[in-house]
Amino acid sequence: QVQLVESGGGLVQAGGSLRLSCAASGRTFTNYAMGWFRQAPGKEREFVAAISWGGGRTYYADSVKGRFTISRDNAKNTVYLQMNSLKPEDTAVYYCAADQSFRLVTAENEYGYWGQGTQVTVSS
């Protein structure tokens, strides 16, 4: 079992920045691929970014490419999502997820562990 706890969400003006953190506990963090997803009101949850177990490979949704950066610190069992140039359409609950894999994982249904989510609200 892996427990995931997100933090860092909040209210920010358009054009601003936030950094989300996801702290993992319970199992060897380096054995897990990590991802960020988000769910806006009335919409389905969607993929945002993913990072491989060692951090050497990353992948982004087109909607956030060039604005968001995913990273991880395996010594701290934490994955981050740096979000810059935020837009009102980035408003959502952001979830981190873990999959026991050495691959880069982008499909939602491949992730077995999820955090509780953190709210990000971007005002115009």
Side-chain angles (χ1 to χ4, degrees):
Q1 289 283 344
V2 173
Q3 291 79 43
L4 303 173
V5 179
E6 302 97 334
S7 62
L11 173 64
V12 64
Q13 288 188 332
S17 298
L18 282 175
R19 187 175 82 156
L20 305 183
S21 299
C22 174
S25 61
R27 287 289 179 92
T28 304
F29 184 63
T30 52
N31 290 348
Y32 289 81
M34 301 296 295
W36 286 96
F37 291 76
R38 66 187 181 186
Q39 187 167 21
K43 296 187 177 181
E44 294 189 352
R45 190 158 56 187
E46 64 175 4
F47 169 79
V48 175
I51 189 166
S52 60
W53 68 277
R57 290 175 291 161
T58 57
Y59 188 78
Y60 299 91
D62 288 343
S63 58
V64 305
K65 202 172 295 182
R67 300 188 298 122
F68 291 11
T69 303
I70 188 171
S71 62
R72 65 191 295 164
D73 184 338
N74 286 344
K76 295 182 178 180
N77 290 357
T78 302
V79 64
Y80 304 97
L81 185 68
Q82 177 67 44
M83 306 185 295
N84 298 328
S85 302
L86 282 161
K87 305 174 182 181
E89 51 263 44
D90 294 318
T91 295
V93 176
Y94 282 71
Y95 299 90
C96 78
D99 177 55
Q100 192 170 5
S101 171
F102 294 111
R103 300 179 295 112
L104 187 66
V105 180
T106 61
E108 180 178 351
N109 61 7
E110 293 192 48
Y111 282 96
Y113 303 97
W114 293 84
Q116 83 289 348
T118 185
Q119 176 71 46
V120 172
T121 303
V122 184
S123 63
S124 58

Colleague: OG/S123 to CD/Q13 distance, rounded to the nearest 0.5 angstrom?
Modeller: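 That separation rounds to 5.0 Å.
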Colleague: Is any side-chain heavy atom of L104 closer than 4.5 Å to one of W53?
Modeller: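 No. Closest side-chain heavy atoms not under 4.5 Å.
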Colleague: When you group the ILVMFWY residues by side-chain heavy-atom contacts below 4.5 Å and let the links chain together, are Y80 and V105 in the same group?
Modeller: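 In one cluster: no.
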Colleague: Ion pair present between D62 and K65, side-chain N to carboxylate O less than 4.0 angstrom?
Modeller: yes
Colleague: Hey, is the main chain of S52 close enough, under 3.5 Å, to the side chain of R57 for a donor-acceptor pair?
Modeller: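 No, the answer is negative, given that no donor and acceptor are paired below the 3.5 Å cut-off.
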Colleague: For the pair E6 (side chain) and C96 (backbone), establish whether a donor and an acceptor sit closer than 3.5 Å, ignoring hydrogens and angles.
Modeller: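 Side chain of E6 to backbone of C96, a donor-acceptor pair under 3.5 Å: yes, one is there.
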Colleague: Would you say I51 ends up clustered with F47 if hydrophobic residues are merged whenever their side chains have heavy atoms under 4.5 Å apart, either directly or through other cluster members?
Modeller: no
Colleague: My understanding is that only one of V64, V120, L81, V93 makes a side chain to side chain contact (heavy atoms under 4.5 Å, CB included) with R38; could you say which?
Modeller: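 Only one of V64, V120, L81, V93 forms a side chain to side chain contact (heavy atoms under 4.5 Å, CB included) with R38, namely V64.
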Colleague: Do L4 and M34 make a side-chain contact, defined as non-hydrogen atoms from C-beta onward lying under 4.5 Å apart?
Modeller: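 Touching, per the 4.5 Å side-chain cut-off.
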Colleague: Please report the interatomic distance OH(Y95) to CD(Q116), rounded to the nearest 0.5 Å.
Modeller: 9.0 Å
Colleague: Between Q82 and N84, is any pair of side-chain heavy atoms under 4.5 Å apart?
Modeller: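 They are in contact (side-chain heavy atoms under 4.5 Å apart), so the answer is yes.
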Colleague: Is D99 reaching over with its side chain to a backbone N or O of T106, donor-acceptor style, under 3.5 angstrom?
Modeller: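 No, the answer is negative, given that no donor and acceptor are paired below the 3.5 Å cut-off.
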Colleague: Is W36 linked to Y60 within one hydrophobic cluster, defined over Ile, Leu, Val, Met, Phe, Trp and Tyr using a side-chain heavy-atom separation of less than 4.5 Å?
Modeller: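 Linked within one cluster.
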Colleague: Cluster question for you: counting only ILVMFWY and a side-chain heavy-atom cut-off of under 4.5 Å, with indirect links fine, are L20 and Y59 together?
Modeller: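 Different clusters: L20 never reaches Y59 through Ile, Leu, Val, Met, Phe, Trp or Tyr contacts under 4.5 Å.
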Colleague: Measuring only between side-chain heavy atoms, which start at C-beta, is Q119 closer than 4.5 Å to L11?
Modeller: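 No, their side chains stay 4.5 Å or more apart.
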Colleague: When rounded to the nearest 0.5 angstrom, what is the spacing between CD in E89 and OG in S63?
Modeller: 9.0 Å
Colleague: Linking I/L/V/M/F/W/Y whenever their side-chain heavy atoms sit closer than 4.5 Å, directly or via other members, would I70 and L86 fall into one cluster?
Modeller: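 Same cluster: I70 reaches L86 through Ile, Leu, Val, Met, Phe, Trp or Tyr contacts under 4.5 Å.
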Colleague: Looking at OH of Y113 and CD of Q100, how far apart are the two atoms once the value is rounded to the nearest 0.5 Å?
Modeller: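 Result: 6.5 Å between the selected atoms.
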Colleague: Between OG of S85 and CZ of R67, what distance do you get to the nearest 0.5 Å?
Modeller: 7.0 Å
Colleague: Might you point out which heavy atoms bring A33 and Y111 nearest each other, and give the distance in Å?
Modeller: O-CE2, 3.8 Å
Colleague: OG1/T30 to CZ/R72 distance, rounded to the nearest 0.5 angstrom?
Modeller: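 Interatomic distance, T30 OG1 to R72 CZ, rounded to 0.5 Å: 7.5 Å.
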Colleague: In terms of relative ring orientation, are Y94 and F68 parallel, tilted or perpendicular, with 30° and 60° separating the classes?
Modeller: tilted
Colleague: Using every non-hydrogen atom in the two residues, find where A92 and A40 come nearest and quote the distance to one decimal.
Modeller: CB-N, 3.8 Å
